[in-house]
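Below, all heavy atoms of this structure are taken into account, side chains as well, without hydrogens, waters or symmetry copies. One is the number of the first residue; the rest follow in order along the sequence.
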Amino acid sequence: RIKNGDSLEIFLESDNIILKKYSQLETIENVSVDYVEAFNSIIKHNIIVTDRDKVIAVSGPLKKKYLGYYSFSSIVDNGDAIGSVIIISTDTPITDVEDKMGIILSRLLSTQFAD
């Protein structure tokens, strides 16, 4: 999934050179895990934080089927979406307050990249 213009990390392993797509959010993965756990303790819904390619933090009792109610909020760095916060509820609608908490969480994670 590496495209022209993507940032890369370069690793040396024995005689091999390993190229890995750089993820800004991976650098704050531990912070993301702490945040989603704290927010989950309040709103009691599943929360997922992603970068552009994969999930980096999850909280809540996720079920195999994600059908139900959901809220998405983008994590933004210099105007570019670099990830998302997803709140999922399988049984009750997500309230406006809970939706706004997802937005707050995405903005908190976005501030980690402010210069």
*Nearest 0.5 Å please: distance from the CZ atom of Phe39 over to the CD1 atom of Ile104.*
6.0 Å
*Point-to-point distance, once rounded to the nearest 0.5 Å, from OG1 of Thr92 to CD of Glu98*: 6.5 Å
_Test item: Ser59 side-chain N/O and Val36 main-chain N/O as donor-acceptor pair under 3.5 Å_ = yes
*Is there a chain of hydrophobic side chains (I, L, V, M, F, W, Y, each step under 4.5 Å between heavy atoms) that links Ile94 to Ile47?*
yes
*Members other than Ile18 in its cluster, when Ile, Leu, Val, Met, Phe, Trp, Tyr link by side-chain heavy atoms under 4.5 Å?*
Phe11
*asked:* Can you tell me how far apart CD1 (Ile86) and OG (Ser106) are? Round to the nearest 0.5 Å.
replied: 11.5 Å
_Any Ile17 side-chain heavy atom under 4.5 Å of Leu12 side chain_ = yes
*Ile82, Val49: one ILVMFWY side-chain cluster at the under-4.5 Å cut-off?*
yes
_Once ring-ring contact (aromatic ring centres under 6.0 Å, His included) is applied, what residue pairs with a partner in residues 72-95 remain, sequence neighbours excluded?_
Tyr70-Phe72
*Measure the NZ-CD1 distance between Lys100 and Ile43 for me, rounded to the nearest 0.5 Å.*
13.5 Å
*Work out which heavy atom in Ile88 is nearest to a heavy atom in His45; give both atom names and the distance.*
O-CB, 3.6 Å
*With the side chain counted from C-beta on, respond yes when Ser32 and Leu109 share a heavy-atom pair under 4.5 Å apart, and no when they do not.*
yes
_Distance in Å, Ser110 OG paired with Asn78 CG, rounded so as to fall on 0.5 Å steps_ = 10.5 Å
*asked:* Just verifying a value: how many Å separate Leu19 CG and Asp6 CG, rounded to the nearest 0.5 Å?
replied: 11.5 Å
*Val97, Ile103, Thr95 screened by side chain to side chain contact (heavy atoms under 4.5 Å, CB included) with Asp99, the one that passes*: Ile103
*Take atom CG of Asn16 as the centre, draw a 6.0 Å sphere, and report whether it contains more than 12 heavy atoms from other residues, nucleotides or ligands.*
yes
